[in-house]
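Step one of this worksheet: look at the structure below.
Here is how names work: the chains are called A, B, and so on, in the same order as the sequence lines, proteins then strands, and each is numbered from 1.
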Amino acid sequence: MSRPLCNHYAAILSSVATAAGGRSGAHVAGAVHCLILRTLPHPPPVHLLNHLLTAYGKSGRHARARGLFDAMPHRNLYTYNALLTTLAHARLLGDMEALFASMPERDAVSYNALIAGFAGANLPARAAGAYRTLLREEDAGVRPSRITMSSMVMAASALGDRALGRQFHCQILRVGFGAYAFVGSPLVDMYAKMGLIGYAKRVFDELEGKNVVMYNTMITGLLRCKMVQEARQLFEVMTDRDSITWTTMVTGLTQNGLESEALDVFRRMRAQGVAIDQYTFGSILTACGALSALEQGKQIHAYTIRTCYDDNIFVGSALVDMYSKCRSIILAETVFWRMSSRNIISWTAMIVGYGQNGCSEEAVRAFSEMQRDGIEPDDYTLGSVISSCANLASLEEGAQFHCLALVSGLMPYITVSNALVTLYGKCGSIEDAHRLFDEMPFHDQVSWTALVSGYAQFGKAKETIDLFEKMLSKGVKPDGVTFIGVLSACSRAGFVEKGRSYFYSMQKDHGIVPVDDHYTCMIDLYSRSGRLKEAEEFIKKMPVRPDAIGWGTLLSACRLRGDMEIGKWAAENLLEIDPHNPASYVLLCSMHAAKGQWNEVAQLRRGMRDRQVKKEPGCSWIKYKNKVHIFSADDQSHPFSKGIYEKLEWLNSKMVEEGYKPDVSSVLHDVADADKVHMLSHHSEKLAIAFGLMFVPQDMPIRIVKNLRVCVDCHNATKFISKITGRDILVRDAVRFHKFSNGLCSCGDFW
DNA sequence: CTAGGGTTAG
């Protein structure tokens, strides 16, 4: 009676073990465990309990496995090996070593578990140590098996040690695992990871009786080495593809930038009824994110819900990432908070998502929440939260993260250092940025670009160009972002010819295809120096039409120079592309207002109202004693409002004494000039500066942040204020950075 | 009659 029952249980348990478990595996194991205890005579046969031990281990229940092991009245070598493997798999290396030491006897399998544990935990040196012990274990008659060799090959692969890898390959050939039955895949994998795809292919070709795993490994290697065509061919000739084969193709195609093809493969996979698991979902969601394919992404999200994968930590993180890449940050948030648990990856996905969707404050807040949750950031997380601070131009918070980087030991990571260089550059602390850069032991493309852009934003054109040339001479390749820094520096300094030659060299010498931002820089380059006709010709010769920012750049230059003809052309195009952008109306209004054409202004205002376009209200803010003080124009809500206006009053009279003349062309209302002057004097920026003058200690610069561009009058006034008060005033506006000192601005009056 | 290999997320 109990014999067939026994076999039945064993069969169930081994199916749990080979199906690589998961949550349901653990449930099945638990259920069978109960059945064994209830229906079989006590004690149950050891081999059955060993089976159970393995099933628990495979489904991630190492504590259960441990408990069962401790409760077992009889244990054999298999029992020990099963637990040893479980501990190795769970990376409980201390327990693993202790168990190994306590074993009454050991065989090759015991050593293999030990070696695989070390190799998997990225401790190849310890794996090699275990291998040497195995070779010395002569009295027990234990010899390395082919599995030992394959584990060692994986250790060599993890070490990236080509010599060691070749050595093991030779040993394998010598001891006669010649047909590579089990060692073949790891060898192929190792060579591919080392970039020696030729060797990998040779090993693969020599394999006899290739199974799915071998094919899968080869396809992975080919895709890793960007040999997409060969991978495709191999995939198509396979007759017995499994779920991993398909997933490998989806992943590899995505990683090679062929996301649409990945989606096709995914569709074929579903059509053929291939099992889809967390790996597949993770990859296909990455593909959707890269394509910004929100609809496809949503469909796949629905599919994850139907298959109960939506709460899986891998799939959940991938969903958060997909939604934020599709610019649906609310959906990303919803998924994130619905997950029953969150790890460092999910938190980082959320933080990066906030940052990339312009929600920098939320990114910083989420970072603190993560820390409160007891999760320590890694280099990736810290780098991205610092980038968010950079976008906020939040020097205080950024500096706190600088401290965190120092105490947490994450400073040496290049992502962290690069983010800090960017932060200091964007916050106008270009000296700090440069010092940090000098302290870095190694600079990559991003580090150089961060510093180049920092100087460019600071308006230091000559330094920007010198630095860029130095970067080239060091053999560091610039990318599109680097050139945006260089071109914008040229444009701000009025280096038209230089900028033009960099633009052509970028395409010819560096093979970089210009994108909208580069074209905008070029339009800016011409129009800023008043060469509006050339800007017009440039636009007409462009292979693409300018985007809204490009047209806006031209339009604002036309406004400055009073060129109605080209200005009209720019405005028409701008309104066509972006009829809901308040900036286009504001610019057009200000052009007409400057000429006193109030009828046109009124018409434009009507147009705005009809289309329900609202001008983004300008505001400026200043941080003082960890509190942000926000001001809007004419704002009287601040508790110190009275003092602020008194201070402004005083400043105004001083400024006038020094020769300040209000620039009324910035006012878009048809009112008397005296009223315009009054309106100007209460711009949000001036309120924030007055507050800063009252509270920020004398020897500290006053740091203002502004959501729009600085207006002409405020820019002029701030120069006067810096001279009168002898204070340094740093203003970060929507586009760039201004440092006012002793009556001059770092931007050289170009912005 | 039990143990070992290949793929995933920021």
Side-chain angles (χ1 to χ4, degrees), chain A residues 6-7 9-11 13-14 17 20 45-55 57-58 76-86 88-89 107-113 115-117 119-120 145-151 153-154 180-189 192 211-221 223-224 242-252 254-255 277-286 289 309 312-322 324-325 342-353 355-356 377-381 383-384 415:
Chain A
C6 237
N7 290 341
Y9 293 152
L13 289 172
S14 59
V46 178
H47 76 85
L48 196 54
L49 292 179
N50 289 343
H51 251 311
L52 189 56
L53 197 52
T54 309
K58 281 269 189 170
N76 61 19
L77 182 56
Y78 283 102
T79 323
Y80 279 96
N81 282 343
L83 185 61
L84 201 62
T85 309
T86 299
H89 197 77
D107 66 358
V109 174
S110 330
Y111 278 93
N112 295 345
I115 290 171
S145 72
R146 41 191 69 191
I147 290 150
T148 322
M149 300 314 282
S150 83
S151 297
V153 168
M154 290 195 296
Y180 299 121
F182 278 87
V183 231
S185 291
L187 273 174
V188 168
D189 186 58
N211 62 19
V212 198
V213 174
M214 293 164 181
Y215 273 95
N216 290 349
T217 313
M218 191 66 238
I219 291 178
T220 308
L223 288 165
R224 192 193 301 277
D242 65 5
S243 165
I244 293 177
T245 321
W246 288 89
T247 305
T248 301
M249 278 310 281
V250 170
T251 312
T254 305
Q255 283 167 354
D277 61 10
Q278 55 169 2
Y279 297 92
T280 330
F281 279 129
S283 291
I284 199 66
L285 287 167
T286 307
Y309 270 106
N312 175 291
I313 190 109
F314 280 83
V315 178
S317 307
L319 278 168
V320 169
D321 179 54
M322 182 275 291
S324 57
K325 291 229 166 69
R342 283 160 281 275
N343 64 8
I344 180 77
I345 308 286
S346 8
W347 276 104
T348 309
M350 197 62 243
I351 290 168
V352 170
Q356 287 175 348
D378 63 9
D379 52 324
Y380 206 112
T381 327
S384 52
T415 37

Identify whether any heavy atom of [X] sits under 4.0 Å from a base atom; if not, whether one sits that close to sugar-phosphate; answer base, sugar-phosphate or nothing.
X	value
A/T381	base
A/M350	nothing
A/D277	nothing
A/T217	sugar-phosphate

For [N], does the base pair up with any side-chain atom of [X] as donor and acceptor (N or O, under 3.5 Å, distance only)?
X	N	result
A/D242	B/dG6	yes
A/S185	B/dG6	no
A/D378	B/dG10	yes
A/N343	B/dA9	yes

Worked verdict on A/N216 versus A/T248 for side-chain hydrogen bond (donor to acceptor under 3.5 Å, both in side chains)
CA-CA 7 Å; A/N216 290 349; A/T248 301; 5.3 Å; no

I need the [atom1]-[atom2] distance between [X] and [N], as an integer number of Å.
X	N	atom1	atom2	result
A/D189	B/dG5	CG	P	13 Å
A/L84	B/dT2	CG	P	18 Å
A/F281	B/dA9	CZ	C1'	14 Å
A/D321	B/dT8	CG	P	15 Å
A/M214	B/dG6	CE	P	12 Å
A/I219	B/dT8	CD1	C1'	17 Å
A/Y309	B/dT7	OH	P	17 Å
A/Y78	B/dT2	OH	P	7 Å

Which pair of heavy atoms, one from A/I219 and one from A/M249, lies closest together, and at what distance?
CG2-SD, 3.8 Å

Residues that A/Y279 engages under side-chain contact (heavy atoms from CB on, under 4.5 Å), provided they are two or more places apart:
A/T247, A/D277

Per [X] side chain, nearest of listed nucleotides [options]:
X	options	value
A/T247	B/dA9, B/dT7, B/dG5	B/dT7
A/M154	B/dT2, B/dG5, B/dA9	B/dG5
A/T248	B/dT7, B/dG5, B/dT2	B/dT7
A/H47	B/dC1, B/dA9, B/dG5	B/dC1
A/R224	B/dT2, B/dA9, B/dT7	B/dT7

Verify the stacking flag for A/F314 against B/dT8: centroid separation must be under 5.5 angstrom and the ring planes must differ by under 30 degrees.
yes

Aromatic ring of A/Y380 stacked on base six-ring of B/dG10, 5.5 Å, 30°:
yes

Under 3.5 Å: donor-acceptor pair, side chain of A/D107, backbone of A/S110:
yes

Under a plain distance cut-off of 3.5 Å, with no hydrogens placed, do A/T381 and A/T348 share a side-chain donor-acceptor pair?
yes

Trace of the side-chain hydrogen bond (donor to acceptor under 3.5 Å, both in side chains) decision for A/N50 with A/N81:
CA-CA 9 Å; A/N50 289 343; A/N81 282 343; over 6 Å; no

